[in-house]
Amino acid sequence: MKRRRNPLGQFVIGMVMLAAGLYWFMSNVTVSTYFGFHIWGYRLGAGLVVVPFIAGIIWLFLNVDSMGAKILTAVGVVIILAAVISNIRFIFRATSLYVYLIMLILIFGGAALVGQVLFRWPKDEDEKRK
């Protein structure tokens with residue numbers, strides 16, 4: 001006699017495992033950044049990164065209808081965002097292998113349980129019909 005599964009219970013247990021593992025993993029990661037930009041080995045400080053944005057804003061106030069001013073302002077915003085994103089550093093704090101393996105088991109085991117409930121074909125109903 002085959003035992004029936006409880007998909008709701010499996011989903012809830014999987015979500016709890018996944019959430020606990022991700023929380024535990026992310027609490028061991030330190031995120032740091034500095035504002036600036038590296039181009040060909042040279043570091044541009046925060047002031048030089050915002051120069052295109054400032055020039056675009058000045059040009060936009062002088063001539064509102066100018067497409068060049070809008071493009072320069074947009075490029076300035078993209079450069080600022082790229083500078084912030086490219087200088088983010090993620091540092092994983094030292095932990096024991098045992099703790100690291102438990103984190104991975106919680107994350108991937110929980111994801112597997114949730115995925116099994118969400119992406120399983122209704123094979124049980126097909127087998128009953130035959």
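Keep in mind that what you see is a predicted model, and the values were worked out from it rather than measured. All residue numbers in this chain count up from 1 along the given sequence.
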Chemist: Nearest 0.5 Å, please: how far is CZ in F11 from CG in L113?
Modeler: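 L113 CG to F11 CZ: 11.0 Å, rounded to 0.5 Å.
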Chemist: Could you state the interatomic distance from NZ (K70) to CG (D65), rounded to the nearest 0.5 Å?
Modeler: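 Nearest 0.5 Å value for the NZ-CG distance: 6.5 Å.
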Chemist: According to a 4.5 Å side-chain heavy-atom criterion applied to Ile, Leu, Val, Met, Phe, Trp and Tyr, with indirect links allowed, do Y23 and I13 form part of one hydrophobic cluster?
Modeler: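 Unlinked, Y23 and I13 end up in two clusters.
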Chemist: Going by heavy atoms in the side chains, are L106 and L18 under 4.5 Å from each other?
Modeler: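 They are not in side-chain contact.
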Chemist: When you group the ILVMFWY residues by side-chain heavy-atom contacts below 4.5 Å and let the links chain together, are V64 and V75 in the same group?
Modeler: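 Not linked; separate clusters.
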Chemist: Taking atom CG of L101 and atom CE of M103, what is their separation to the nearest 0.5 Å?
Modeler: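 Here the rounded value is 10.0 Å.
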Chemist: Quick one: closest heavy-atom pair of T73 and A69, and the distance?
Modeler: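 Distance-wise, the nearest heavy atoms are OG1-O, 2.8 Å.
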Chemist: Does M26 share a hydrophobic cluster with I105, counting links as ILVMFWY side-chain heavy atoms below 4.5 Å and allowing steps through other members?
Modeler: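 M26 does not cluster with I105.
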Chemist: Other than W59, what residues sit in its cluster of Ile, Leu, Val, Met, Phe, Trp and Tyr side chains whose heavy atoms are under 4.5 Å apart, directly or through others?
Modeler: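 ILVMFWY cluster around W59 also holds L72.
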Chemist: Which distance, rounded to the nearest 0.5 Å, do you find between the CD1 of I71 and the CG of L60?
Modeler: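 The CG atom of L60 is 11.5 Å from CD1 of I71, to the nearest 0.5 Å.
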Chemist: Using the ring-ring contact (aromatic ring centres under 6.0 Å, His included) rule, collect all pairs that involve residues 73-95, keeping only residues at least two apart or in two chains.
Modeler: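 Of all non-adjacent pairs touching residues 73-95, those that pass ring-ring contact (aromatic ring centres under 6.0 Å, His included) are F25-F92, F92-Y100.
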Chemist: In Å, rounded to the nearest 0.5 Å, how long is the span from CD1 of I102 to OH of Y98?
Modeler: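 Here the rounded value is 3.5 Å.
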Chemist: Would you say L81 ends up clustered with I57 if hydrophobic residues are merged whenever their side chains have heavy atoms under 4.5 Å apart, either directly or through other cluster members?
Modeler: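 Yes: a chain of side-chain contacts under 4.5 Å links I57 to L81.
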Chemist: So which atom in R120 and which in P7 form the shortest heavy-atom distance, rounded to 0.1 Å?
Modeler: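 Here R120 and P7 meet closest at NH2-CB, 4.1 Å.
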Chemist: To check you understand the geometry: which heavy-atom pair defines the closest contact between I107 and L22, and what is its length?
Modeler: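 Scanning both residues, the minimum pair turns out to be CG1-N, 3.7 Å.
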Chemist: Going only through I, L, V, M, F, W and Y residues with side-chain contacts under 4.5 Å, is there a path from V12 to M15?
Modeler: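 Different clusters.
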